[in-house]
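Report on one structure; see the data block that follows.
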Amino acid sequence: DTGVSQDPRHKITKRGQNVTFRCDPISEHNRLYWYRQTLGQGPEFLTYFQNEAQLEKSRLLSDRFSAERPKGSFSTLEIQRTEQGDSAMYLCASSLLRGSSYNEQFFGPGTRLTVL
Amino acid sequence: AQKITQTQPGMFVQEKEAVTLDCTYDTSDPSYGLFWYKQPSSGEMIFLIYQGSYDQQNATEGRYSLNFQKARKSANLVISASQLGDSAMYFCAMNANNNDMRFGAGTRLTVKP
């Protein structure tokens with residue numbers, strides 16, 4: 001396994017279009033996270049899954065954002081009716097939750113979205 | 001509410017010297033984890049080091065060490081013997097209740113030859 005992968009790496013779209021990003025986590029990892037990172041800032045948490053269950057989604061930025069992880073493996077993040085303010089890097093991370101210890105999250109290379 | 005503060009937008013260090021990157025945090029949870037990540041210009045986030053709130057000793061990983069002062073709620077990263085390849089953004093992050101990770105705004109480190 002070579003780590004977390006994300007597709008596409010870059011996406012340019014016109015305002016109002018829908019976009020979907022894919023994340024493939026490290027295979028044995030049961031947790032998957034989505035973050036947004038704007039220029040000069042740290043990653044901002046959006047949502048996360050444990051297996052196929054979405055445990056937190058209240059911090060998705062608006063109802064235009066949705067995420068799925070249907071089989072507990074890969075995940076998709078969709079943004080409907082994109083706006084110029086959605087332009088950012090979208091990062092995916094995965095981790096293996098074991099008991100109560102804190103485990104580092106491994107990040108993918110990100111998808112850079114540009115909304116024209 | 002959880003909060004991570006990095007007060008140094010940019011730092012410079014001479015090659016082969018040590019540098020300390022500051023991080024303070026705030027949480028009401030007694031159990032939490034503190035992390036440092038490196039983000040080079042290529043954009044990937046690279047995990048560096050982890051400190052648990054109940055760990056008695058400061059974490060070390062090669063040239064990285066974490067100066068954990070629980071009473072002061074600080075978790076500074078110390079990089080010893082800086083190398084040119086250490087030039088990057090560095091993010092401090094905290095995870096409480098094993099949920100999401102909160103990140104600071106980051107510090108841009110530049111290593112001078």
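Chain letters run A, B, ... following the sequence lines, proteins first and then strands; every chain starts at 1. Reckoned from all heavy atoms, side chains included, excluding hydrogens, waters and symmetry mates.
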Tell me whether the NZ or CZ atom of B:Lys112 lies within the 45° cone about the ring axis of B:Phe12 and under 6.0 Å from its centre. yes
What part of A:Leu55 gets closer than 4.5 Å to chain B, counting heavy atoms only: side chain, backbone, both or neither? neither
N-O pairing of A:Arg36 and A:Glu44 below 4.0 Å: yes
State whether a side-chain donor-acceptor pair under 3.5 Å links A:Gln105 with A:Tyr35. yes
Do the side-chain N and O atoms of A:Ser75 and A:Glu68 include a donor-acceptor pair separated by under 3.5 angstrom? no
Flag the one option from A:Pro43, A:Gly42, A:Ala93, A:Gly108 with the top tally of heavy-atom pairs under 4.5 Å to chain B. A:Pro43
Whatever's closer than 4.5 Å to a heavy atom in chain A on B:Gln39 counts as side chain
Per-residue contact mode, B:Tyr54 against chain A (heavy atom under 4.5 angstrom): neither
Atom group of A:Gln37 that falls short of 4.5 Å from chain B, counting heavy atoms: side chain
Atom pair CD1 (B:Ile49) and NZ (B:Lys38), whose distance is rounded to the nearest 0.5 Å: 14.0 Å
Please flag which part of B:Arg102 lies under 4.5 Å from any non-hydrogen atom of chain A: side chain, backbone, both or neither. side chain
Is it the backbone or the side chain of A:Glu104 that comes under 4.5 Å from a heavy atom of chain B, or both, or neither? both
Without hydrogens or angle criteria, can the side chains of A:Arg31 and A:Gln50 be said to hold a donor-acceptor pair below 3.5 Å? yes
